[in-house]
Amino acid sequence: TLRKLPLQGQRMLPVPLAPHGPLAPHGRAFGTSAICRSTFNVQDGSDFQDRVVNNPKPVVVDFHAQWCGPCKILGPRLEKMVAKQEGKVLMAKVDIDDHTDLAIEYEVSAVPTVLAMKNGDVVDKFVGIKDEDQLEAFLKKLIGA
């Protein structure tokens, strides 16, 4: 005898839970809320002057670009490590395509380039990806811990 299969030729596909819908931004915002307090995007040259150069706290400056693969790995890792320092250090993010003048001024020839700034002076820097231990050592040196 022939057995009839239900909805032969049709398969049930899993339905994605609104990856690009209205819920996605909330998920991202919630996940980075602790980081937002210590990390900011530089808007322009005067913003950089106010929030980085004139800042009494040490600031890590992440020069990056949207098209840079290693930047996409380093950025979140660095943000996480800065957030762990509980406000002792801040992180400024500078997109080199939006702020070419700052990239030239600070002699950024490759991305990611990360500067450690204290009292408006560059006291340390590195180019490329670092692991969490290396980032922690970099930050501790900047903070003086």
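- Using a 4.0 Å cut-off between charged side-chain N and carboxylate O, K80 and E132 make a salt bridge.
- The aromatic ring centroids of F48 and F40 lie 6.0 Å or more from each other.
- Looking at heavy atoms from C-beta onward, E136 lies out of side-chain contact with K84 at the 4.5 angstrom threshold.
- One distance of note links CG of L78 with CG of L135; it measures 5.5 Å at 0.5 Å rounding.
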Scan the side chains in residues 50-57 for donor-acceptor partners under 3.5 Å anywhere in the protein, sequence neighbours excluded, and list what turns up.
unit_1, atom_1, unit_2, atom_2, d
R51, NH1, D47, OD1, 3.4
N54, ND2, Q49, O, 3.3
N55, OD1, K57, N, 3.0
N55, ND2, R51, O, 2.9
K57, NZ, G87, O, 2.7

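- Checked by atom type and distance alone, the side chain of Q43 pairs as donor or acceptor with a backbone atom of N41 at under 3.5 Å.
- Hydrophobic clustering (ILVMFWY, side-chain heavy atoms < 4.5 Å, transitive): I104 and V42 are in distinct clusters.
- The distance from atom NZ of K88 to atom OG of S38, rounded to the nearest 0.5 Å, is 12.0 Å.
- Checking side-chain atoms of Q134 against main-chain N and O of D131 turns up a donor-acceptor pair under 3.5 Å.
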Apply side-chain contact (heavy atoms from CB on, under 4.5 Å) to K72 and H64, showing your working.
CA-CA 9 Å; K72 289 177 172 47; H64 67 280; over 6 Å; no

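- V127 and L74 are not part of a single hydrophobic cluster, where members link through side-chain heavy atoms under 4.5 Å apart.
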Could you list the donor-acceptor pairs under 3.5 angstrom formed between side-chain atoms of residues 111-126 and any protein atom two or more places apart in sequence or on another chain?
unit_1, atom_1, unit_2, atom_2, d
T113, OG1, A110, O, 2.5
K118, NZ, L142, O, 2.5
D124, OD2, K141, NZ, 3.3

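- Contact of the V60 side chain with the L139 side chain is registered, since non-hydrogen atoms from C-beta on lie closer than 4.5 Å.
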Check: residues 91-98 side-chain donor-acceptor pairs under 3.5 Å, at least two apart:
unit_1, atom_1, unit_2, atom_2, d
K93, NZ, E79, OE2, 2.6
D95, OD1, D97, N, 2.8
D97, OD2, W67, NE1, 2.7

